[in-house]
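Let me begin by presenting the structure, written as structure tokens, before commenting on it.
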Amino acid sequence: MKLLRRILIGLVGGSVLLIGIVMIVLPAPSILVIPAGLAILAIEFVWARHWLKKFRGFISKKESRPSEDG
């Protein structure tokens with residue numbers, strides 16, 4: 001049963017993540033979909049937790065930077 005759960009989470013999270021990666025080149029909000037896919041994958045996979053933390057750190061650094069628009 002645990003293996004089935006792991007497989008389902010991998011398929012759903014991987015699909016959402018791949019859709020988010022495709023959205024990078026399409027006019028769509030990939031910045032919202034990629035972390036959603038990573039969050040789904042992070043339920044079962046440590047590597048996804050690691051990348052989700054890196055993504056959150058990247059976004060928080062971008063937000064804390066002063067705007068260049070004077």
Side-chain angles (χ1 to χ4, degrees):
M1 195 59 137
K2 185 171 178 149
L3 179 63
L4 178 63
R5 178 179 179 218
R6 193 172 173 99
I7 290 170
L8 286 175
I9 288 173
L11 286 174
V12 172
S15 298
V16 172
L17 184 62
L18 285 174
I19 290 168
I21 291 170
V22 169
M23 288 176 147
I24 291 173
V25 296
L26 298 174
S30 64
I31 196 84
L32 301 174
V33 178
I34 291 173
L38 285 173
I40 294 169
L41 288 169
I43 294 170
E44 283 292 323
F45 302 105
V46 175
W47 62 265
R49 278 184 224 130
H50 172 75
W51 282 102
L52 186 58
K53 285 180 185 177
K54 284 186 116 174
F55 186 81
R56 286 180 180 160
F58 174 75
I59 294 299
S60 66
K61 285 180 186 176
K62 285 276 237 192
E63 288 177 351
S64 65
R65 254 203 259 164
S67 173
E68 293 181 16
D69 291 339

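If you read the sequence from its start, that first residue is 1, and numbering goes on from there.
- Counting heavy atoms of neighbouring residues, nucleotides and ligands inside a 6.0 Å radius, atom CZ of Arg6 exceeds 12 of them.
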Inset, instruction - Apply the test side chain to side chain contact (heavy atoms under 4.5 Å, CB included) to residues Trp47 and Leu52: give CA-CA distance (whole Å), side-chain angles for both, the deciding distance (0.1 Å), then the verdict. - result: CA-CA 9 Å; Trp47 62 265; Leu52 186 58; over 6 Å; no

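- The cluster map of Ile, Leu, Val, Met, Phe, Trp and Tyr, joined by side-chain heavy atoms under 4.5 Å apart, puts Val22 and Val12 in different clusters.
- With contacts defined as side-chain heavy-atom distances shorter than 4.5 Å, the pair Val16/Leu41 does not qualify.
- To the nearest 0.5 Å, atoms NZ (Lys61) and CZ (Arg56) are separated by 15.5 Å.
- Smallest separation of non-hydrogen atoms from Gly20 and Ser30: O-CB, 3.2 Å.
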Legend entry - Step-by-step side chain to side chain contact (heavy atoms under 4.5 Å, CB included) determination, Ile21 to Val33: CA-CA 8 Å; Ile21 291 170; Val33 178; over 6 Å; no

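- When all heavy atoms of Arg49 and Ala42 are compared, the pair lying nearest together is NE-O, 2.8 Å.
- Shortest non-hydrogen contact noted between Phe55 and Pro35 is CE2-CG, 3.2 Å.
- For the pair Arg5 and Ile43, the minimum side-chain heavy-atom distance is below 4.5 Å.
- With a 4.5 Å cut-off on side-chain heavy atoms, Ile31 and Ile59 count as touching.
- In the hydrophobic clustering of ILVMFWY residues, with side-chain heavy atoms under 4.5 Å counting as a link, Ile34 and Ile9 come out apart.
- Under a 4.5 Å side-chain heavy-atom cut-off, the cluster of Ile, Leu, Val, Met, Phe, Trp and Tyr residues that includes Val46 has no other member.
- Trp51 and Leu17 fall within a single hydrophobic cluster, where Ile, Leu, Val, Met, Phe, Trp and Tyr side chains are chained together by heavy-atom contacts under 4.5 Å.
- Met1 and Ile7 are assigned to two separate hydrophobic clusters, defined by single-linkage of ILVMFWY side chains at heavy-atom distances under 4.5 Å.
- Atom CD1 of Ile24 sits about 13.0 Å away from atom CD1 of Ile19, to the nearest 0.5 Å.
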